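Only this structure's heavy atoms are used, side chains among them; waters, hydrogens and symmetry mates stay out. From a predicted model like this one, the values you see are computed outputs, not experimental measurements. In what follows, chains are A, B, ... by sequence order, proteins preceding strands, each numbered from 1.
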Protein chains: 2
Amino acid sequence: MLKLSKLTDYAAVIMAQIARDPDQAHTASELAARVKLPHPTVGKTLKMLAKSGLLESRRGSHGGYVLSRSPADITASDIIAAIEGPIGMTECSHADGECGLLDSCGVADNWQRVSQAIRTLLDGVTLAHLAQSSPLKLPVQLPIQSVTLPTASGALREH
Amino acid sequence: MLKLSKLTDYAAVIMAQIARDPDQAHTASELAARVKLPHPTVGKTLKMLAKSGLLESRRGSHGGYVLSRSPADITASDIIAAIEGPIGMTECSHADGECGLLDSCGVADNWQRVSQAIRTLLDGVTLAHLAQSSPLKLPVQLPIQSVTLPTASGALREH
DNA sequence: TGTAAAGAGGACTAAAATGGTCCTATATGG
DNA sequence: CCATATAGGACCATTTTAGTCCTCTTTACA
């Protein structure tokens, strides 16, 4: 369903929590309590976010996590990629080949373009947007420049 | 990774094959051969596409599948939804409640808006686009109307 | 009217991804 | 030194996904 994993969802919620109070370090237990999720799970999520550079961690007592950049400089793409790896709709949208069906596929190029469009869209959503409760303004119109389709281009024959 | 399942991928490829030769019925075995995938798998995919109304099937000898509408009237959303169910990034993006964390979540609204933007984007990509080999023109610019973020709106405090 | 060629529908299995927990090690402040 | 944190994995249970197979029905045509 083109869905985010639960962990990614948690990550977004957690990041938003931190973003709303960016000046102090937040511990896993504190965040777990706020977000009402089990401590180990929140801990795991935080570790992933830290490892990919979105959070900075301080160990020891009085430790915790802080944003490594301003909320306006952290995108939805960043968060998703931190938990799920590179964003792409299809197997072949990032890997460099190894699909084996490329010749009989015929849609790879276009899927990759769609992937790219989604990635760009997600790049435009920042943590600052997510953290604020007031609605984002998104373009509900014309996300695709409707190509008056060329009906038949040379290469579309098969076998 | 915000990825489509393999079956969805197959579905797109298969639909594109049919779209390129829309005037005759295509059997599962024929398509399996073209697309170089095992017959049972292709069969399963076709059944799903037919059940959700994107293909019409004719049984018996000389049977097969035909598009139920013109390629320009079948969208990427349709194909994805046929295999994966309703498109939405988060659990709460279509279900009507039952999340239980909504109060502590604080990002639900915005995620839903992002979901909606992706859905709209996908609605703009048709099977006609996918089937043609010449590149789609996608808006690599400004998919989000960058809200100069309101810095602090009333509701974003958390005790 | 019989037979072969198709799809419909669903049961089933194997493999992979996901979510979640826990343990040990290390760092840090008081 | 001790309490409090994170780091980094190992680990398991559950769910999802992919893929196969079997039986039934429909249809064209010899």
- Among C/dC22, D/dA7, D/dT25, the nucleotide that comes nearest once only the side chain of B/R59 is considered: D/dT25
- Task: Name the closest nucleotide to the B/A50 side chain, picking from C/dA8, C/dC22, C/dG19.
- Result: C/dA8
How close do [X] and [Y] get, heavy atom to heavy atom, and via which atoms?
{"X": "A/A28", "Y": "A/V42", "answer": "O-CG1, 3.8 Å"}
{"X": "B/I83", "Y": "B/S5", "answer": "CG2-OG, 4.3 Å"}
{"X": "B/I87", "Y": "B/R119", "answer": "O-NE, 2.9 Å"}
{"X": "A/G63", "Y": "A/A25", "answer": "O-CB, 4.0 Å"}

Output the rounded distance in Å from [atom1] ([X]) to [atom2] ([N]).
{"X": "A/M48", "N": "C/dT18", "atom1": "CE", "atom2": "P", "result": "11 Å"}
{"X": "A/I14", "N": "C/dG19", "atom1": "CD1", "atom2": "P", "result": "13 Å"}
{"X": "B/H39", "N": "D/dA18", "atom1": "NE2", "atom2": "C1'", "result": "16 Å"}
{"X": "B/L4", "N": "D/dT16", "atom1": "CG", "atom2": "P", "result": "18 Å"}
{"X": "A/L46", "N": "C/dT21", "atom1": "CG", "atom2": "P", "result": "15 Å"}
{"X": "A/I83", "N": "C/dG20", "atom1": "CD1", "atom2": "P", "result": "13 Å"}
{"X": "A/E84", "N": "C/dA16", "atom1": "CD", "atom2": "P", "result": "20 Å"}
{"X": "B/K6", "N": "C/dA15", "atom1": "NZ", "atom2": "P", "result": "13 Å"}

Taking only N/O atoms, report every protein-nucleotides 9-13 of chain D pair under 3.5 Å with atom names and distance.
none

- Query: Do any of residues 60-70 of chain A sit with a heavy atom less than 4.0 Å from DNA chain C, and if so which?
  - Reply: A/G60, A/S61, A/H62
- Message: Within the 4.5 Å heavy-atom criterion, are A/M48 and A/L7 side-chain neighbours or not?
- Response: yes
- Considering only heavy atoms from C-beta outward, does the side chain of A/L67 approach that of A/L55 to under 4.5 Å? yes
- Query: Touch check for B/L7, heavy atoms < 4.0 angstrom, all strands: base, sugar-phosphate only, or nothing?
  - Reply: sugar-phosphate
- A/I79 and A/I74: side-chain contact (heavy atoms from CB on, under 4.5 Å), yes or no, with the steps? CA-CA 8 Å; A/I79 297 173; A/I74 295 175; 4.2 Å; yes
- Task: Verify side-chain contact (heavy atoms from CB on, under 4.5 Å) between B/L130 and A/W111, making sure each step is shown before the conclusion.
- Result: CA-CA 7 Å; B/L130 289 178; A/W111 266 148; 4.3 Å; yes
Within the structure, does a side-chain N or O atom of [X] lie under 4.0 Å from either OP1 or OP2 of [N]?
{"X": "B/S29", "N": "C/dA6", "value": "no"}
{"X": "A/T27", "N": "D/dT4", "value": "no"}
{"X": "B/Y10", "N": "D/dA18", "value": "no"}

- In short, salt bridge (Lys or Arg N to Asp or Glu O under 4.0 Å) pairs touching residues 49-73 of chain A with sequence neighbours left out are A/R69-A/D78
- Message: I want to confirm an ordering. Mapping A/S5 and B/A28 to their closest nucleotides on DNA chain C, which one lands closer to the 5' end?
- Response: B/A28
- Between B/R113 and B/Q116, a side-chain donor and acceptor under 3.5 Å: no
